Participant: 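What follows is a single structure, and I will ask about it in a moment.
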Amino acid sequence: MTTIPCGDLNVRVYTTKDAIDDQVIPLDKAGKGVVIELPSFHNSIEEMTAYLKDKNIKVEGKLVSYHAAGSSFLPDVKSYLTESSVIYNTNGEGAQLVKKFSGAFGEGFDAEIVNSGERLNKGPVTIAGIEMEIIPNGDAFEVYIPQAKAVYMHMLGHDCHSIVAGAGHADAIIANLKDYLDKGVEIFLSSHYAPETRDDVKTKIAYLERLKEIAKGCNDAEEFKEMVNKEFHEYSGGNYLDMNAGFFFKN
């Protein structure tokens, strides 16, 4: 668990270190808390529940965006979802991933999906005394935390590949990151990487711009992968690069 004090608000980042190695983000203030995303393996659920109890954090809300598996985590605490995240986790990519993980990991994985609860709309919301801004997108939603000058998004990682579904998607990610930089965000939280800084985000933007340039000079997916691997040979997430090659060169 990493803890980032922001005045009387704590931003905590729990790394599950399970088979899919996710980050779950509890926020707490004056003994009350909100958790962004859910741990999905039973061992992680037990560990995180015990941690919150040990720290005397009374969780009053679970924000369920991209990671909805793990219904046995704090089952009596209200879940909050946007319309977009409900679709994503009921019939969309999120539901498909949970089905895949359930088959791969068996009983250790809590495949029961949370797709009901109180609906969140775009804009400000206060839960457990913590002010947040909900930002729905084409898949689920992101969360801006003004007091911490922090934002939660699904994927980032300044030295690893992440899902980029073609040049148009790269442009959309770049625009979104630049908006957060312009907004003064200093802490970038995500489900698949440790907390990152403004400089990390600038590195990610440069990487995305370079991906587009490399794609323009390649004839097919294999050449694209070869060129990206040559330039970013220390990057992890090769499975995402395989996916991206398919997105950039669909034909």
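As the structure is a prediction and not an experimental result, all values here were calculated from the model.
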Participant: Could you tell me whether the side chain of L38 reaches within less than 4.5 Å of the side chain of K62, counting heavy atoms only?
Facilitator: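 Counting from C-beta outward, K62 and L38 do come under 4.5 Å.
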
Participant: Kindly compute the distance separating CG (L208) from CG (L177), expressed to the nearest 0.5 Å.
Facilitator: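 It comes to 7.0 Å.
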
Participant: Does the side chain of M153 come within less than 4.5 Å of N176's, by heavy atoms?
Facilitator: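 When only atoms from C-beta onward are counted, M153 and N176 do touch, with a gap below 4.5 Å.
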
Participant: Could you pull out all residues at least two apart from D200 that satisfy side chain to side chain contact (heavy atoms under 4.5 Å, CB included)?
Facilitator: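 Partners of D200 under the side chain to side chain contact (heavy atoms under 4.5 Å, CB included) test: H158, E196, T197.
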
Participant: Does S162 form a side-chain hydrogen bond (donor to acceptor under 3.5 Å, both in side chains) with K204? I'd like the steps, not just the answer.
Facilitator: CA-CA 10 Å; S162 54; K204 188 69 174 186; 2.9 Å; yes

Participant: Using the side-chain contact (heavy atoms from CB on, under 4.5 Å) rule, take D199 and K202 through it: C-alpha gap first, then chi angles, then the decisive distance, then the call.
Facilitator: CA-CA 5 Å; D199 284 342; K202 292 173 184 177; 4.2 Å; yes

Participant: Evaluate side-chain hydrogen bond (donor to acceptor under 3.5 Å, both in side chains) for D110 paired with S40, printing each intermediate quantity in order.
Facilitator: CA-CA 5 Å; D110 181 357; S40 55; over 6 Å; no

Participant: If two hydrophobic side chains count as joined below 4.5 Å and joins carry through other members, does I25 share a cluster with Y193?
Facilitator: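 No: no chain of side-chain contacts under 4.5 Å links I25 to Y193.
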
Participant: Are F41 and I36 grouped together when hydrophobic residues (ILVMFWY) are joined by side-chain heavy atoms under 4.5 angstrom apart?
Facilitator: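 They do share one cluster, since a chain of ILVMFWY contacts under 4.5 Å joins F41 to I36.
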
Participant: Where the side chain of N91 meets the backbone of I87, is there a donor-acceptor pair that is under 3.5 Å apart?
Facilitator: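 No; zero donor-acceptor contacts below 3.5 Å.
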
Participant: Is the closest side-chain heavy-atom distance between F141 and L63 below 4.5 Å?
Facilitator: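 In short, these two side chains touch, coming nearer than 4.5 Å.
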
Participant: Tell me every residue that passes side chain to side chain donor-acceptor pair (under 3.5 Å) with E231, counting only those two or more places apart in sequence or in another chain.
Facilitator: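 By the side chain to side chain donor-acceptor pair (under 3.5 Å) rule, E231 matches R210.
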
Participant: Evaluate side-chain contact (heavy atoms from CB on, under 4.5 Å) for V34 paired with V59, printing each intermediate quantity in order.
Facilitator: CA-CA 5 Å; V34 175; V59 177; 5.9 Å; no

Participant: Look up atom CG in N43 and atom OG1 in T16, then write down how far apart they are to the nearest 0.5 Å.
Facilitator: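 Here the rounded value is 10.5 Å.
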
Participant: Which distance, rounded to the nearest 0.5 Å, do you find between the CD1 of I163 and the NE2 of H192?
Facilitator: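 Atom-to-atom, I163:CD1 and H192:NE2 are 7.5 Å apart.
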
Participant: Are I134 and L81 linked, directly or through intermediate hydrophobic residues, by side-chain heavy-atom contacts shorter than 4.5 Å (ILVMFWY only)?
Facilitator: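 No, L81 and I134 fall in different hydrophobic clusters.
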
Participant: Ignoring hydrogens, what is the shortest heavy-atom contact between A170 and V164? Give both atom names and the distance.
Facilitator: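 Distance-wise, the nearest heavy atoms are CB-CG1, 3.7 Å.
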
Participant: Hey, are K58 and D28 close enough for a salt bridge, meaning a charged N less than 4.0 Å from a carboxylate O?
Facilitator: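 Judged by the 4.0 Å cut-off on N to carboxylate O distance, K58 and D28 do not form a salt bridge.
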
Participant: Do V77 and S79 have side chains that approach each other closer than 4.5 Å (heavy atoms only, starting at C-beta)?
Facilitator: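 When only atoms from C-beta onward are counted, S79 and V77 do not touch, as no gap falls below 4.5 Å.
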
Participant: Would you compute the distance between atom CE of M155 and atom SG of C160 and round it to the nearest 0.5 angstrom?
Facilitator: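 These two atoms lie 7.0 Å from each other.
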
Participant: Donor-acceptor pairs under 3.5 angstrom involving side-chain atoms of residues 179-190: please list them, not counting sequence neighbours.
Facilitator:
| residue | atom | partner | partner atom | Å |
| --- | --- | --- | --- | --- |
| Y180 | OH | E142 | OE1 | 2.5 |
| K183 | NZ | E133 | OE1 | 3.0 |

Participant: Within a strict 4.5 Å, meaning less than it, do heavy atoms of the P26 and Y51 side chains meet?
Facilitator: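 No, every pair of side-chain atoms sits at 4.5 Å or beyond.
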
Participant: When clusters are formed by joining ILVMFWY residues with side-chain heavy atoms under 4.5 Å apart, either directly or through shared neighbours, do I205 and I173 land in the same one?
Facilitator: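 Result: yes, single cluster for both.
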
Participant: Is there a side-chain contact between F109 and H42 in this structure, where contact means two heavy atoms from C-beta onward sitting under 4.5 Å apart?
Facilitator: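 They are not in side-chain contact.
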
Participant: Keeping to residues at least two apart or across chains, list the ring pair (Phe, Tyr, Trp, His ring centres under 6.0 Å) pairs with something in residues 70-93.
Facilitator: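 Qualifying pairs, neighbours excluded: Y66-Y88.
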
Participant: Give the ring-plane orientation class for F232 versus H161, where under 30° counts as parallel, over 60° as perpendicular and anything between as tilted.
Facilitator: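 Rings of F232 and H161: perpendicular, over 60°.
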
Participant: Starting at CD of E93, measure out to CG of L97 and round the result to the nearest 0.5 Å.
Facilitator: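 These two atoms lie 5.0 Å from each other.
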
Participant: Please walk me through it: do Y144 and Y152 pass ring pair (Phe, Tyr, Trp, His ring centres under 6.0 Å)?
Facilitator: CA-CA 6 Å; Y144 173 56; Y152 162 74; over 10 Å; no

Participant: Could you pull out the closest heavy-atom pair between S65 and N89, with the gap in Å?
Facilitator: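 Where S65 meets N89 most closely, the heavy atoms are O-ND2, 2.8 Å.
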
Participant: Identify all side-chain donor-acceptor contacts of residues 2-9 below 3.5 Å with residues at least two apart in sequence or on another chain.
Facilitator:
| residue | atom | partner | partner atom | Å |
| --- | --- | --- | --- | --- |
| T3 | OG1 | R12 | NH1 | 3.4 |
| D8 | OD1 | Q147 | NE2 | 2.7 |

Participant: Considering non-hydrogen atoms only, spot the tightest contact between L211 and F224 and give its length.
Facilitator: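 Nearest pair, atom of L211 first, then F224: O-CE1, 3.7 Å.
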
Participant: Answer yes if the side chains of S191 and Q23 hold a donor-acceptor pair under 3.5 Å, and no otherwise.
Facilitator: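 Looking only at side-chain atoms, Q23 and S191 do not form any donor-acceptor pair under 3.5 Å.
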
Participant: Assess whether atom CD of E107 is packed by more than 12 heavy atoms of other residues, nucleotides or ligands within 6.0 Å.
Facilitator: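 Counting other residues, nucleotides and ligands, CD of E107 stays at 12 neighbours or fewer.
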
Participant: Under 6.0 Å from the NZ atom of K55, do we count more than 12 heavy atoms belonging to anything else shown?
Facilitator: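 Not buried by this count: 12 neighbours or fewer within 6.0 Å.
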
Participant: Hey, is the main chain of A50 close enough, under 3.5 Å, to the side chain of D54 for a donor-acceptor pair?
Facilitator: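 No: the side chain of D54 does not pair with the backbone of A50.
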
Participant: How about V151 and V143: do any of their side-chain heavy atoms sit closer than 4.5 Å?
Facilitator: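 They are not in side-chain contact.
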
Participant: Give the minimum heavy-atom separation between P75 and S72, together with the two atoms involved.
Facilitator: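 P75 and S72 have their closest heavy atoms at CD-O, 3.4 Å.
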
Participant: Is K29 atom NZ crowded by more than 12 heavy atoms from other residues, nucleotides or ligands, each under 6.0 Å away?
Facilitator: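 Yes - once you tally the heavy atoms of other residues, nucleotides and ligands closer than 6.0 Å, there are more than 12.
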
Participant: Report yes if some heavy atom in the side chain of N10 is under 4.5 Å from a heavy atom in the side chain of L27; otherwise report no.
Facilitator: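 A side-chain contact under 4.5 Å is absent here.
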
Participant: Is there a path of hydrophobic side-chain contacts, each under 4.5 Å between heavy atoms of I/L/V/M/F/W/Y residues, joining M227 to F248?
Facilitator: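 Shared cluster, yes.
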
Participant: How long is the straight-line distance from CD of E222 back to CD of E226, given to the nearest 0.5 Å?
Facilitator: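 It is 8.5 Å, given to the nearest 0.5 Å.
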
Participant: Going by the side-chain contact (heavy atoms from CB on, under 4.5 Å) test, name the single residue among D22, V24, D18, I20 that passes it with S44.
Facilitator: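 So, applying the side-chain contact (heavy atoms from CB on, under 4.5 Å) to S44 and each of D22, V24, D18, I20, only D18 qualifies.
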
Participant: Let me have the donor-acceptor pairs involving side chains of residues 112-132, under 3.5 Å, with sequence neighbours excluded, atom names and distances please.
Facilitator:
| residue | atom | partner | partner atom | Å |
| --- | --- | --- | --- | --- |
| N115 | ND2 | T90 | OG1 | 3.1 |
| E118 | OE1 | K78 | NZ | 2.8 |
| R119 | NE | E83 | OE1 | 3.1 |

